[in-house]
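Single-structure report; data block below.
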Amino acid sequence: MPELPEVETIARGVDARVRGDRIVQVWFGSHREPFKNSSARQAKSLEDRSILGVARVGKHIVVGLGSAVPQTSSKGLPPEGQWIVHLGMTGRLLVTTPDAPVAAHTHARLTLASGRELRFVDPRRFGRLESRDLARQKPFAAPGADPLFVDSSAFAALFWGRRLSIKAALLHQSLLSGVGNIYADESLFRAGIRPRRQAGRLSHAELERLRQALLEVLQHAIRLGGSSVSDYVDAEGVRGFFQLEHRVYQRTGEPCLTCGTPIRRILLAGRSTHYCLRCQH
DNA sequence: CATTTCACCTGGTGGC
DNA sequence: TGCCACCAGGTGAAAT
């Protein structure tokens, strides 16, 4: 469900609430999905660790873990481990009080020394949980460039020679990490580019317009706490507001806000794709 | 290798 | 009210 702005919002919210806290107990509900490495091993690598910080990497949330020593002496030290959370389509990462009702499809509950709980809830179970021991494994890295930080020549180079559609290319996480269906459609509309255009045939000027549009739409969405299309909420259970700013996404048949032409919906790369025939070329 | 399709899940919605 | 088809923010394996 969540794309870059939603994941960023959640990561910031969780970071503000659990940084410096300590994991004292771990409960995992299901022993099949969503564990990338075994739930027993993950529980062991989380228990009695301090939380150094929480950050977004692509669409993933990375929790930096330190040793259990008092936080004053672990301050500033590099993390010894990581807990990596991918929210899939319907995942939520919530910081709650221990007595808060446990939602259906809660797969993980981490009890913290402060008394709060960090909970992972995911009805569709497309999300993934992974732990890494940094003494033996590399820290998690996004496979592609971050759309908030990529510069214009690196951005253009991502698409050079590619025959797939620009929409499919935007969704390809090993090119750009963080763009999903909403922000692909919204950035293409704002850049005036049709989603079916071949990525490798866009001019440098068009690609630069696209990079700018994408950057602006992502930053705007982050400021509004993300898009709440159905069930997305941040770490406190609060909905975002960027869905009110959508110009094409899920506005099929409604008039384009620029020219009044009904917004079209097509299927592209297996995903619903929305655009304005008149404003996008 | 690049690109496309499909399976993986549950739940909400709207038509009949 | 029930049943059913269709749709949903993502990804990665399998097919092409």
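Just so we're on the same page: letters track the sequence lines, and every chain starts at 1.
Rounded to whole Å, atom C1' of B:dA2 lies 12 Å from atom CD of A:Gln198. Atom CG in A:Leu171 sits about 9 Å away from atom P in C:dT11, given to the nearest Å. Put simply, CG on A:Asp122 is 12 Å from P on B:dC9, counting in whole angstrom units. Counting to the nearest Å, the C1' atom of C:dC7 and the CG atom of A:Leu267 are 11 Å from each other. A:Arg196 has its CZ atom 18 Å from the P atom of B:dT3, to the nearest Å. In this structure, the CG atom of A:Leu164 is 10 Å from the P atom of B:dA2, given to the nearest Å. Spacing between atom CZ of A:Arg271 and atom P of C:dA8 amounts to 8 Å, rounded to whole angstrom units. Computed from coordinates, the A:Ile61 CD1 to C:dG10 P distance equals 14 Å when rounded to whole Å.
Taking the side chain as every heavy atom from C-beta outward, A:Leu148 and A:Arg56 approach each other to under 4.5 Å. Residues A:Pro147 and A:Leu218 are in side-chain contact: their nearest non-hydrogen atoms beyond the backbone lie under 4.5 Å apart.
Distances were taken from every side-chain heavy atom of A:Tyr249 (C-beta onward) to each of C:dA8, C:dT11, B:dG11; the shortest belongs to C:dA8.
The phosphate of B:dC9 has neither OP1 nor OP2 within less than 4.0 Å of any side-chain N or O from A:His105. Proximity of A:His86 to the phosphate of C:dG10: no side-chain N or O atom is located under 4.0 Å from OP1 or OP2. Residue A:Arg265 places at least one side-chain N or O closer than 4.0 Å to OP1 or OP2 of C:dA8.
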Using side chain to side chain contact (heavy atoms under 4.5 Å, CB included), reason through A:Arg92 and A:Phe120 one step at a time and then give a plain yes or no.
CA-CA 6 Å; A:Arg92 299 180 183 190; A:Phe120 175 69; over 6 Å; no

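Under the stacking criterion of a centre-to-centre distance below 5.5 angstrom and an interplanar angle below 30°, A:Phe126 sits stacked against the six-membered ring of B:dC8.
Taking all atoms of both residues into account, the shortest heavy-atom contact from A:Cys259 to A:Cys279 is SG-SG, 3.8 Å.
Residue order along DNA chain C, read from the 5' end via each residue's closest nucleotide, puts A:Ser272 first among A:Ser272 and A:Gln173.
Nucleic acid contact for A:Ser165: none, since no nucleic acid atom lies under 4.0 Å from a heavy atom of the residue. Across all strands, A:Gly270 comes closer than 4.0 Å to no nucleic acid atom at all (heavy-atom distances).
Using atom P as the reference point in both B:dC9 and C:dA14, the two lie 15 Å apart (nearest Å).
The base of B:dC9 lies outside donor-acceptor range of the side chain of A:Arg125, with no N or O pair under 3.5 Å. Judged by atom type and distance alone, A:Arg162 does not reach the base of B:dA2 through any side-chain donor-acceptor pair under 3.5 Å.
The pair A:Asp133-A:Arg136 meets the salt-bridge criterion, since a charged nitrogen lies less than 4.0 angstrom from a carboxylate oxygen.
Pair assignment for B:dT5: C:dA13, on the basis of Watson-Crick or G-U wobble contacts that are both within less than 3.5 Å.
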